[in-house]
There are 2 protein chains.
Amino acid sequence: MQIMHTVQGMESPQERRERRRAEKRQAIRMAAVKIALDDGLEAATVEAISAAADISPRTFFNYFASKEEALVMEPVWRPDELLELLERRPGDEPVFQSLQAVIRTVAVRVRQAWQDMKPFGELRRRHPELAARAAAVDETKVIETIFEAVRARPGVTGRMHARLLIIGSFGALISAVQESLETGEALEDLLDEAFTLLENGL
Amino acid sequence: MQIMHTVQGMESPQERRERRRAEKRQAIRMAAVKIALDDGLEAATVEAISAAADISPRTFFNYFASKEEALVMEPVWRPDELLELLERRPGDEPVFQSLQAVIRTVAVRVRQAWQDMKPFGELRRRHPELAARAAAVDETKVIETIFEAVRARPGVTGRMHARLLIIGSFGALISAVQESLETGEALEDLLDEAFTLLENGL
DNA sequence: TGCAGGACTTGCAGACTGTGCAAATTATGC
DNA sequence: GCATAATTTGCACAGTCTGCAAGTCCTGCA
C-alpha cells in the first residue's frame with residue numbers, strides 16, 4: 001500500500017484501526033480511478049477494482065456502499081460541519097461576514113485537496129453522469145441544516161433572504177473554484193471578489 | 001389507463017405515437033410512486049411496478065433507463081431549453097432582466113405542474129436519497145450550457161459575474177418555490193422579491 | 001510461547017437492476 | 001385483408017449489492 005505516516009506520539013488502538021481503514025479506503029479508490037482512467041469506466045467493475053487493490057470483491061463493499069462511491073472524491077465538507085463552523089462565529093457578527101468566513105474555511109480545504117482531486121476531476125470530466133449518481137452533498141440538505149442558524153444572525157431580513165444567502169455563498173465558492181481552475185488565479189482572491197459582487201448586488 | 005385527451009384537430013401518426021408513449025410513461029410512473037408510498041420503497045421493485053402497470057419487466061426498461069427515473073418527477077426544464085429561452089430575449093436587454101424573465105417562465109411551469117408534484121414531493125421527503133440518485137439536472141451542466149449566452153449580454157462585468165448571476169437566478173427560483181410551499185404565498189411574487197434582493201445586494 | 005477474543009476478510013447463495021437479441025404480438029397504412 | 005413497421009416480450013447474461021457463516025489475522029496477556 002505504501003503509505004507514509006508521520007506518527008507523532010501515541011496512537012490508541014482505536015485510532016490505529018481507523019487510520020488503517022482510511023488508508024485502505026484511499027488505496028482502493030486510487031486503484032478504481034486508475035482503472036477507469038486507463039481502460040475506461042466500463043472496465044472498472046468491482047471485480048477488476050478488487051483484484052487491483054488486492055482484496056476480495058466482498059471486501060470492497062465493506063469499504064464502499066456502492067461502486068460509484070469509490071470513483072468520486074471524498075467530500076471536503078459535510079452539512080453538519082458547516083453548521084458547527086457557523087455556530088463558532090461570534091453571535092453578533094453580521095450574517096454576511098459569518099458566511100464568508102465559513103466558506104473561506106471550506107475554500108482552504110478545497111485548495112489543500114487540490115492535488116488529490118486531479119484524477120477525480122479528469123474522470124468526472126469524461127463521465128459527468130458519475131457526479132449526478134454519487135452526488136456527495138445534496139444542496140437541499142445543506143440549506144435545511146444551516147437554515148435556522150443563518151436566520152438567527154443579525155442582518156437577515158427574512159426566510160428568503162436566509163436561503164438566498166446560503167445559496168449565494170455556495171455559488172461564490174463554486175464560481176471561484178471554477179474560475180481558479182480555468183485561469184489559475186488565487187482561489188481566496190476570487191472568493192472575495194465573488195462575495196463583493198453578492199454584497200453589492202449582481 | 002384512463003387518460004382524457006382534448007383532441008383539437010389533426011394529429012399526425014408520429015404525434016399520436018409520441019403522445020401514447022408519454023401517457024404510458026406517466027401511467028407507469030404513477031404505478032411506481034403509488035407502490036413506493038403505500039408499501040415502502042423496498043416494495044417498489046421493477047417486477048412489482050411492471051405488474052401494477054400491466055407490462056412486462058422488460059418493457060419497463062423501454063420507458064425508463066433506470067428504476068429511479070420512474071420514481072422522480074419529469075423535470076420541467078432542460079438546460080438547452082433555458083438557452084433557447086434566453087436567446088429569445090432582445091439582445092440589448094440587460095442580463096438581469098433577461099434572466100429574471102427566463103426564470104419566471106420556468107416558475108410558471110413549476111406552478112402548473114404543482115399538483116402532479118405532490119406524490120413525488122412526499123416520496124422525496126421520505127427518501128431523500130432518491131433526489132441525489134436521480135438528480136434530474138446537474139447544476140454544473142446548466143451553468144456550462146448558458147454561460148456564454150449570459151456572458152454576452154449587456155451588464156456582465158466578468159466571468160465570475162456571469163456564473164454568480166446564473167446560480168443566483170436559480171437560487172431565487174429554489175428559494176421562492178420552497179417559500180411558496182411553506183407559506184402558500186404566490187410563487188411569482190416571491191420570485192420578484194428574491195430577484196430584488198439579488199439585485200440590491202444580499 | 002501459546003492461547004482467548006475480537007476485528008477483519010472471504011466465499012457463497014441469492015435478490016435485484018439493466019441490456020442485447022430475436023421472436024411474438026400489435027398497430028397502421030393502403 | 002395484407003404487408004410493414006412499431007412495440008412488447010422472453011430469455012440469457014453481466015453486474016451490483018446484501019446477509020450470513022466460516023475462515024484468517026491481530027492483539028494483549030498469562
Separation of C:dC16 atom C1' from B:I49 atom CD1, nearest Å, is 12 Å
Sub-4.5 Å side-chain heavy-atom contact between B:R78 and B:T145: no
Whole angstroms only, please: what is the CZ-P distance between B:F64 and D:dT7? 15 Å
Take atom CZ of B:R17 and atom P of D:dT8, then tell me their distance rounded to the nearest Å. 11 Å
Listed pairs under 3.5 Å, donor-acceptor, residues 94-103 of chain A side chains, sequence neighbours left out:
residue, atom, partner, partner atom, Å
A:S98, OG, A:E93, OE1, 2.6
A:S98, OG, A:P94, O, 3.3
A:S98, OG, A:R153, NH1, 3.1
A:Q100, NE2, A:D192, OD1, 3.4

Which atoms form the tightest heavy-atom contact between B:L187 and B:A107, and what is the distance? CD2-O, 3.5 Å
Please report, rounded to the nearest Å, how far the C1' atom of D:dG15 is from the CD atom of A:E68. 12 Å
Counting only non-hydrogen atoms, which of residues 50-61 of chain B are less than 4.0 Å from DNA chain D? B:I55, B:S56, B:R58, B:T59
Give, ordered by number, those residues of residues 39-48 of chain A having at least one heavy-atom distance below 4.0 Å to an atom of DNA chain D; if nothing qualifies, reply none. A:T45, A:V46
pair B:I146-B:P79: side-chain heavy atoms closer than 4.5 Å: no
To the nearest Å, give me how far apart CZ (B:R16) and C1' (D:dA5) are. 15 Å
Can you tell whether the side chains of B:R25 and B:E18 come within less than 4.0 Å, N to carboxylate O? no
CG of B:N62 versus P of C:dT19: gap in Å, rounded? 11 Å
If I take atom NZ in residue A:K67 and atom P in nucleotide D:dA14, what distance separates them, rounded to the nearest angstrom? 16 Å
Residue B:Y63, side-chain atoms from C-beta onward, closest of D:dC17, D:dT8, C:dC8: D:dT8
For A:E122 and A:L37, which heavy atoms make the closest approach, and how far apart are they? CG-CD2, 3.7 Å
Audit row: B:E148, B:R163, salt bridge (charged side-chain N to carboxylate O under 4.0 Å, His left out) steps and yes/no: CA-CA 10 Å; B:E148 286 305 332; B:R163 289 205 189 87; over 6 Å; no
Heavy-atom count check: over 12 atoms from other residues, nucleotides or ligands less than 6.0 Å from A:D39 CG? yes
Atom CZ of B:R20 and atom C1' of D:dA5 are separated, to the nearest Å, by 15 Å
N or O in side chain of B:K24 less than 4.0 angstrom from D:dT7 OP1/OP2: no
Any donor-acceptor pair under 3.5 Å linking the side-chain atoms of B:R124 with those of A:T140? yes
